[in-house]
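See structure below.
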Amino acid sequence: MKIDASKPLEYSTEENSNKIFGFWVFLGAEIALFATLFTVYFVLVDRFASGPNGSELFEIGPVLLETFLLLTSSFTIGLAIHAMRHGYKKAMMFFFGITLLMGLGFLAIEITEFFTYVHEGATLQTSAFLSSLFVLLGTHGAHVTFGFLWGTAILIQIKRHGINPATANKSFIFSLYWHFLDVVWIFIFSYVYLKGLM
Amino acid sequence: MDLEKFKVHGGVLIYGAMVSIALATLAIIIGLTVFKKWGYLWREWLTTVDHKRIGVMYILAALLMLFRGGIDALMMRLQTAAPEMKFLDAQHYNEVFTTHGLIMILFMAMPFIIGLMNVIVPLQIGARDVAFPRLNAVSFWLFFFGAMLLNISFVIGGSPDAGWSAYFPLASIEFSPTVGNNYYSLALQISGIGTMLTGVNFIVTILKMRAPGMKLMRMPMFTWSVLITNVIIVFAFPVLTIALALMMFDRLFGSQFFTMANGGMDMLWANLFWVWGHPEVYIVILPAFGIYSDIISTFSKKNLYGYTSMVASMVIISLLSFLVWAHHFYTMGQGVMVNSFFSITTMAIAVPTGVKIFNWLFTLRKGRITFTTPMLYTLAFIPIFTIGGVTGVMLAMASADYQYHNTMFLVAHFHYVLIPGAVFAVIAGFHYWFPKVFGFRLNERLGKHAFWWIIISFNVAFFPLFILGLMGMTRRMYTYSAETGFGPLNMVSFAGALGLAIGFVILVYNIYWSTRYMPRDTTGDPWDARTLEWATNSPIPAYNFAVVPTVTDRDAFWVSKQENIPLFKDQIKKIHMPSNTGKPFILGVIFFFFGFFMVFSMWVPAIVSGVGILITLCAMSFDRDHGFYIPEKEIIATEKKLRGETV
Amino acid sequence: MMKQLFPIRHVLGYIASLVLSAAALAVIYLDLSRAANLVILAVTAIIQASLQLFLFMHIGESADTKKELYLNIAYALFVGLVTIFGTLFIFVWGWYA
């Protein structure tokens with residue numbers, strides 16, 4: 001394995017930089033994926049049949065909390081990568097762990113929200129609008145859940161093996177994923193919640 | 001548990017299929033045990049990460065599916081050969097045309113093309129492997145088990161029966177209550193994820209793994225076409241992923257996306273399906289353009305005319321392919337502006353395609369043409385594909401389409417596009433690259449026999465459908481009365497279908513015959529070809545190139561042969577290789593079971609296998625295998641052996 | 001140490017994204033026209049997404065893949081926007097009435 005010392009550890013081998021590039025391409029596919037979900041949502045948003053519409057259903061409080069948690073976790077994963085580049089293993093693990101915990105907090109709020117909706121009689125089966133809402137939010141939430149599991153696996157590897165080309169590479173790719181989920185959330189926040197309440 | 005839902009009732013044909021599947025499985029198991037090949041199969045194939053072997057497996061699977069889809073086609077043509085035929089009933093006919101379409105597009109054409117690109121692209125760019133060999137194995141096994149999942153639907157639970165486009169509301173649980181369309185949503189999903197990962201893999205491979213000197217504008221045209229195809233794959237398949245997921249939610253969890261009540265919108269399915277579906281057409285056709293370009297250039301002994309315009313037209317096609325989807329449903333109810341817009345974009349695609357046709361013709365002009373089997377398919381492609389293209393422009397006119405829509409004219413059109421555009425291409429590519437992979441050519445005489453059977457029968461089978469369409473015969477009719485006058489032409493078409501079957505039998509026989517009797521090729525370059533894949537030995541050693549080539553020009557190998565410029569400048573050194581792994585195969589198996597349990601709404605086993613998928617992924621993340629090295633001595637010995645020298 | 005752990009660019013980016021999220025709330029608390037609201041949503045969301053892309057994800061940092069990454073994102077946006085607006089064109093704006 002050739003290690004190029006002039007580059008950050010996560011880019012240091014050809015395989016590593018290929019992986020980062022490949023993940024960016026994958027994120028391109030994810031953009032198309034979420035764009036399709038937004039398409040479905042936009043087409044169906046006014047088709048709420050006998051169920052509630054967005055302005056009756058949404059509450060801004062929990063949504064703001066979710067937004068705050070995701071924005072902050074996106075900030076802390078950035079700090080984790082920054083610390084990693086300076087070789088601070090402990091600081092990195094701290095920021096990484098905080099990120100995952102905030103992801104968990106986000107999920108807790110989202111799941112509570114879902115339960116509230118269902119309790120109010122707004123289920124996946126109620127109307128086309130609600131189907132598209134649940135699936136759009138659910139797909140994002142599933143990504144966060146997967147991210148939590150994936151991030152935990154990486155955190156364990158960093159604890160075991162320290163910061164090396166392999167773990168640095170995985171962490172960096174994970175950070176790209178996490179930032180991307182934040183980007184998606186920004187659009188959900190704006191075009192689902194705020195537009196719905198507008 | 002209620003076993004009734006697993007059963008399929010349908011008379012002799014279904015039971016025949018069940019028995020033959022059981023017998024074939026039994027024969028394979030007994031064969032492997034008797035010849036003690038289980039270990040070999042596991043070590044050399046199921047766990048392989050070698051792009052060439054993965055490519056060969058893709059092609060084998062594709063040939064198998066070609067057989068399955070071909071039988072479907074024969075049954076359909078037989079059922080419609082004469083008025084009031086009683087061979088299949090309506091339900092069975094629906095299942096057969098649905099699976100015929102699905103299998104031919106998704107499990108025959110696509111894997112055949114992906115197989116060829118797996119084998120050839122790394123060689124054409126002078127790479128040792130693809131960028132992510134393990135991911136490549138994951139892609140293959142997801143595709144393979146997705147295909148298997150769809151195929152077992154025939155005997156367990158019932159096949160999808162709402163057409164390959166599965167339009168709602170027909171495909172909803174209300175109108176298609178069997179599990180058939182559950183299979184559709186899950187099997188396509190699983191193999192689709194595999195395909196999307198292939199897309200990522202090949203984009204990185206082509207952009208990042210090229211040999212020194214292989215600039216983008218020096219790449220062989222096949223590699224260019226594969227690059228652009230994979231770009232389309234990466235951005236089109238997510239749309240299918242979502243469409244299938246929504247279908248699954250509607251059918252399994254009662255959501256209201258495509259329903260008729262509670263605000264659902266059935267037409268949204270058609271929309272999403274074709275947002276993916278039209279680019280998909282180009283996914284199967286663009287690589288064909290690449291294959292033909294390489295073949296024409298090789299057998300005309302000329303460099304490709306208009307290289308830059310070839311690349312540019314493919315880029316334009318890839319962008320336009322995302323802008324035309326509504327032409328699949330002009331009659332759905334959208335306004336004049338919408339239809340006009342999509343009509344114009346659709347016709348615009350004919351321009352870059354026409355550029356390519358003329359480039360091929362100019363490459364042939366004044367060339368020293370040799371009429372080998374792959375070249376014959378290529379030459380036949382040009383006029384036949386042009387007929388398909390021109391009828392496509394006819395269909396592109398929205399107002400005229402109100403007459404042609406969903407008639408046999410459309411069926412004839414897309415067979416005239418897809419068969420020369422994809423099937424002839426993969427057959428041509430198969431003949432062309434066969435000696436590279438196996439070290440001997442296919443017999444030319446048998447190859448040409450098969451060619452003439454296939455070409456003539458193709459036209460006999462499909463040209464009458466144009467006329468039938470104009471006479472008013474709609475597609476997907478399982479029978480018709482004698483008064484319609486559709487009978488005679490349908491009988492002609494059936495005769496053509498039989499001829500095609502004979503052609504394919506000769507093709508397969510040719511593989512058998514050539515394996516036994518054709519002389520071995522020790523040059524590695526039996527066609528006197530132009531691109532890098534011919535610069536290494538045949539069959540290709542595991543490491544592809546003993547020394548990484550240095551490229552100085554387009555058609556690098558040809559230039560090096562003509563001007564005696566050495567391609568391989570370095571000394572042989574030890575080579576790093578990735579190790580085999582069984583995890584991708586296991587992942588595929590678990591996905592298969594996950595899909596199966598979901599199809600039958602068996603939630604507990606489905607959740608268990610879902611957790612199994614996560615655990616396998618986790619195990620892959622914790623893997624710390626850094627591969628191994630092939631020592632210098634071994635490489636030198638292998639090279640000598642492949643050149644026919646004594647070690 | 002604190003300076004090294006909390007680089008100023010990241011901190012500013014974080015504060016900017018919080019401010020932008022708060023600014024977007026104008027659409028529900030201020031009584032603006034629908035058009036103005038849509039402009040606010042688009043502007044705040046696009047700036048925030050760009051902050052993530054350029055500041056946190058370092059899209060431009062690797063010289064040998066920079067061009068490809070921009071092309072990749074551009075292509076993805078092309079497909080995404082075509083899907084969204086094309087579908088709305090078909091079903092909402094251009095539907096036969």
Side-chain angles (χ1 to χ4, degrees), chain A residues 7-8 11 17-18 20-21 24-25 27-36 38-44 46 55 58 60 64 67-68 71-72 74-79 81-83 86 88 91-92 94-95 172 175-176 178-180 182-184 186-187 189-191 193-198, chain C residues 1 4-7 9-11 13-15 17-18 20-22 24-29 32 34 37-38 40-42 44-53 55-59 61-62 64-65 68-69 71-77 79-88 90-92:
Chain A
K7 290 178 179 166
Y11 283 99
S17 56
N18 281 349
I20 292 172
F21 179 55
W24 272 103
V25 176
L27 288 183
E30 289 272 59
I31 290 177
L33 185 119
F34 278 102
T36 312
F38 274 106
T39 306
V40 173
Y41 181 79
F42 291 149
V43 171
L44 299 179
D46 294 324
S55 60
F58 300 149
I60 194 70
L64 284 177
T67 309
F68 177 73
L71 284 178
T72 313
S74 184
F75 172 57
T76 53
I77 193 71
L79 295 180
I81 296 305
H82 189 80
H86 287 84
Y88 303 136
M92 183 221 176
F94 173 74
F95 286 130
F172 184 78
S175 80
L176 292 180
W178 201 262
H179 290 310
F180 175 76
D182 196 34
V183 173
V184 174
I186 290 164
F187 284 94
F189 173 68
S190 306
Y191 284 97
Y193 289 112
L194 294 187
K195 192 160 177 285
L197 288 167
M198 182 167 108
Chain C
M1 183 72 182
Q4 277 199 323
L5 285 180
F6 293 93
R9 281 157 60 90
H10 282 239
V11 176
Y14 173 56
I15 293 170
S17 58
L18 287 181
L20 284 164
S21 296
L25 289 175
V27 301
I28 53 174
Y29 292 121
L32 301 169
R34 191 179 156 80
N37 279 340
L38 289 177
I40 291 175
L41 286 184
T44 51
I46 290 168
I47 298 178
Q48 278 207 68
S50 316
L51 277 178
Q52 296 282 336
L53 204 60
L55 207 60
F56 291 165
M57 295 168 90
H58 313 285
I59 185 170
E61 86 180 345
S62 168
D64 45 334
T65 53
E68 286 93 332
L69 292 189
L71 272 175
N72 172 46
I73 298 297
Y75 206 111
L77 289 177
V79 172
L81 293 174
V82 160
T83 309
I84 291 174
F85 289 104
T87 304
L88 290 175
I90 293 169
F91 287 122
V92 183

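Every chain is numbered from 1 and lettered A, B, ... according to where its sequence line falls, protein lines coming before strand lines. The figures that follow rest on heavy atoms only: side chains count, while hydrogens, waters and symmetry mates do not.
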What option among [options] has the most heavy-atom pairs under 4.5 Å with chain C?
options: A:I31, A:T67, A:D46, A:V40; answer: A:I31
options: A:I81, A:L197, A:T72; answer: A:T72
options: A:D182, A:V184, A:T36, A:L33; answer: A:D182

Determine, stepwise, if the pair A:W24 / C:M57 fulfils side chain to side chain contact (heavy atoms under 4.5 Å, CB included).
CA-CA 10 Å; A:W24 272 103; C:M57 295 168 90; 3.9 Å; yes
To check you understand the geometry: which heavy-atom pair defines the closest contact between [X] and [Y], and what is its length?
X: C:L51; Y: C:S17; value: CD1-N, 4.1 Å
X: A:A35; Y: C:G80; value: CB-CA, 3.4 Å
X: A:S74; Y: A:H179; value: OG-ND1, 2.8 Å
X: C:A45; Y: A:I186; value: CA-CG2, 3.8 Å
X: A:L79; Y: C:P7; value: CD2-CD, 3.7 Å

Answer with side chain, backbone, both or neither: which region of [X] has an atom nearer than 4.5 Å to a non-hydrogen atom of chain C?
X: A:I77; result: neither
X: A:L27; result: side chain
X: A:F180; result: both

Students often mix this up, so state it plainly: with edges at 30° and 60°, are the rings of A:F42 and A:Y191 parallel, tilted or perpendicular?
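Ring orientation of A:F42 relative to A:Y191: perpendicular.
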Anything under 30° is parallel, anything over 60° is perpendicular, the rest tilted; go ahead and classify A:F58 against A:Y193.
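If you compare the ring of A:F58 with that of A:Y193, the planes turn out perpendicular.
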Please flag which part of [X] lies under 4.5 Å from any non-hydrogen atom of chain A: side chain, backbone, both or neither.
X: C:L81; value: neither
X: C:A42; value: both
X: C:F85; value: neither
X: C:V92; value: neither
X: C:L20; value: neither

In terms of heavy-atom pairs under 4.5 Å with chain A, which of C:A22, C:A49, C:G13 leads?
C:A49
